[in-house]
Amino acid sequence: MSVAGDNHAGPGEAFVRTHAPVSLPPPVAMTGVLGWLRANLFSGVLSSILTILILVALALIVPPLVKFLLIDAVWSGADRDACLVTEARPEVGACWAFVRDRLAFFVYGSYPIDQRWRVDLFFVQLAIGTVWLLWLDAPRRDLAAAYLFVAVPVISFILLYGWPAIGLAHVDTALWGGVLVTIVVASVGIVASLPIGIVLALGRRSRMPAIKIVSVAFIEFVRGVPLITVLFMASVMLPLFVPATWSPDKLLRALVAVAIFSAAYMAEVVRAGLQAIPRGQYEAARALGLSYWPMMRLVVLPQALKATIPNIVNSYVALFKDTTLVFFVGIFDFLKTVEVARVDPKWATPVTSATGYAFAAMFYLVFCYCMSRYAKGVERRLGSGVRE
Amino acid sequence: MDQDHSDPTIASANPTGSMAVEITHVHKWYGDFRVLWDVSLTIRSGEKVVICGPSGSGKSTLLRCVNALEDVQQGQIVVDGKVLTKDLKRIDEVRREVGMVFQQFNLFPHLTVLENCTLAPIWVRKMPKADAERTAMRFLERVKIPEQALKYPGQLSGGQQQRVAIARALCMNPKIMMFDEPTSALDPEMVKEVLDTMVELAHDGMTMIAVTHEMGFARQVADRVVFMDGGQIIEVNAPGAFFDHPQHERTKLFLSQILR
């Protein structure tokens, strides 16, 4: 028989616990700052070496960056003289004066100055719809979806393109530019690619051979071709095939190309999600009498899309950056406006290009980072309550 | 050895009732492999039938053929007076009347327990949401977990999940309930709560077809026990006779293996 206080049974002995073991605090080295450092940064030789290497790299990169972007930066000025090296200022950093001066051009392109309120209004109504839909606790998100996917496109088109009948002058898309075009191309791509991608993914998994073949052929063809090729085909080859009188707008052609291209990628993302759904889910839905579309809409797609949120957002981030390629077919997106402005003699200095690109990088970084943070938040929130 | 088992439809406990399921001369192959071999079985309304047999004997396949989750290559299955064909509309009509409980529960993890139960009544039966929720709560009370209604399936124990699955099937107000090894995926201490629910259901007069190895359950509620092996029905009998005086050698062997 085991002695009380001796918490183990020796060989061949029986044991019955008579009292709970004494609880001790964890060792000091496991808690607090020291414990955290040890556990996360210096847990072993390799980890310690990597930590030191990264610290060295940061020390080499961060100070010059801060010096260029902030400390030596020029914040105001009327033209290039403000950003030139002088006796009084031997070191010149980023020329933010240039960005401030050309900001309107970066945002609106060549959109007529007296009509730019229309672009502002477009941004506002798009932002309202986006926030409303993306804010998970917002009331009536079904209305938000209807607003964003039906009302916003129609209103945006009327606002931006004009409708002389109601007093909005026609503004040719050739004048559109800058952030406006980037946002238009990205939103159309984002909004159109998911539904088309879902339909293609379902088509690819269909048991009906005709639908399956068409879907597979479309997806594989588009995925096998670079976006720039699709854009060139849309802008150069399409006019050769259609009558000259029916020549679609240049921006519209680019929009269609981007939507088609991202839809093919989205289809593969969604398909991966569909394949992750266990067969039992389909069978349970079938056994309850649900037919194909309700089963997909209520049972399969919600789970499949949820499982692929990180990949969907990954596609969106890629798409957002890919919109810069439209500049090759002569569309004035944000990057193109930076590109044009940086060689403008009025502002040409040794630091102008670097400043312009730094500004563009920050613009894309902010948008893409917001998208990925949002996706992380949604993922965490949807994951709660479901034990995987 | 080769006894006559050509007519397993006899010995029903409810000879006056109408037919719930009529399976006649059904054959099914997976490629070259024959899973069902001339299976005939008729189940009357209100009858409780337990199907048992070694793994791979085709018992789950037979069950899944009844609500057309699997198709058959030969023979005919009539459920609630409707002949199963390839017609999807007809199949959905049959599925509405046949509740199914799976070994792995197959609850919808993205929906709450209540939503799991109201999904099909709302979208298939076109029931108003409030009515569907009232019905769902009634059945959740019946399986004794109304307090879990707003939780997600992943937050429940296996036994609770299986009871939700039963409630979900009952919410469609089916005429027949089928159970495909409902307790096989459960921890031992949770088997009883699910079996109790099934026994209660049986006492209420539901037509039940259960594939299970819970012989205590079979003895307690079954009107007939069907023994399958190698895709064939080997023996059908009332539980008393089946367990105490098995006729066929394979039945004897099987029973000696599971009732140690």
Side-chain angles (χ1 to χ4, degrees), chain A residues 136-137 140-142 194 198 202 205-211 270 272-312 375 377-388, chain B residues 60 63-64 66-70 88-113 115-126 150-157 161 164-165 168-174 176-180 185:
Chain A
L136 296 180
D137 294 322
R140 296 306 305 270
R141 288 178 64 227
D142 50 340
L194 190 59
I198 288 173
L202 293 177
R205 284 168 62 82
S206 169
R207 281 193 200 154
M208 286 174 264
I211 292 177
V270 173
L274 289 175
Q275 266 161 354
I277 305 302
R279 215 174 61 156
Q281 292 290 309
Y282 291 87
E283 288 180 351
R286 288 283 198 207
L288 285 167
L290 290 167
S291 47
Y292 181 82
W293 287 109
M295 171 177 79
M296 284 298 169
R297 193 166 63 82
L298 301 166
V299 175
V300 177
L301 280 174
Q303 296 185 59
L305 294 182
K306 187 186 123 184
T308 49
I309 285 175
N311 301 333
I312 291 176
V378 172
E379 214 183 313
R380 201 168 33 235
R381 167 135 164 194
L382 290 179
S384 69
V386 182
R387 201 166 55 192
E388 297 295 347
Chain B
S60 286
L63 207 61
R64 295 158 57 83
V66 172
N67 65 354
L69 286 179
E70 308 268 358
L88 289 176
K89 236 179 134 177
R90 173 75 58 87
I91 288 175
D92 280 340
E93 273 171 32
V94 166
R95 284 173 176 161
R96 261 175 252 169
E97 307 302 334
V98 181
M100 176 121 179
V101 175
F102 298 87
Q103 182 177 356
Q104 300 293 345
F105 329 137
N106 294 348
L107 294 177
F108 306 131
H110 63 300
L111 300 177
T112 63
V113 164
E115 287 165 343
N116 263 279
C117 293
T118 56
L119 183 84
I122 291 174
W123 293 96
V124 179
R125 292 247 189 250
K126 312 288 178 207
L150 299 180
K151 288 195 184 166
Y152 286 89
Q155 297 168 297
L156 306 185
S157 72
Q161 290 193 49
V164 172
R168 177 177 71 176
L170 290 174
C171 282
M172 282 296 280
N173 196 20
I176 303 162
M177 279 289 282
M178 302 202 297
F179 298 83
D180 188 2

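Residue numbering restarts at 1 for every chain, and letters A, B, ... go by the order of the sequence lines.
Of the candidates Asp92(B), Val124(B), Ile91(B), Ser291(A) forms a side chain to side chain contact (heavy atoms under 4.5 Å, CB included) with just one, namely Asp92(B).
Considering only heavy-atom pairs separated by less than 4.5 Å from chain A, the leading option among Lys89(B), Arg64(B), Glu93(B) is Arg64(B). Here Leu107(B) is the residue among Val98(B), Leu107(B), Leu111(B) with the most heavy-atom pairs under 4.5 Å with chain A. For chain A, the option among Asn67(B), Leu69(B), Leu88(B) with the highest count of heavy-atom pairs below 4.5 Å is Leu69(B).
Of all non-hydrogen atoms in Phe102(B) and Ala287(A), the two that sit nearest each other are CZ-CB, 4.0 Å.
One finds the CD atom of Gln281(A) at 11.5 Å from the CD atom of Gln104(B) (value rounded to the nearest 0.5 Å). Note that CG of Leu288(A) is 10.5 Å distant from CZ of Arg125(B), once rounded to the nearest 0.5 Å.
Val299(A) has its side chain out of reach of Trp123(B): every pair of non-hydrogen atoms, C-beta onward, lies at least 4.5 Å apart.
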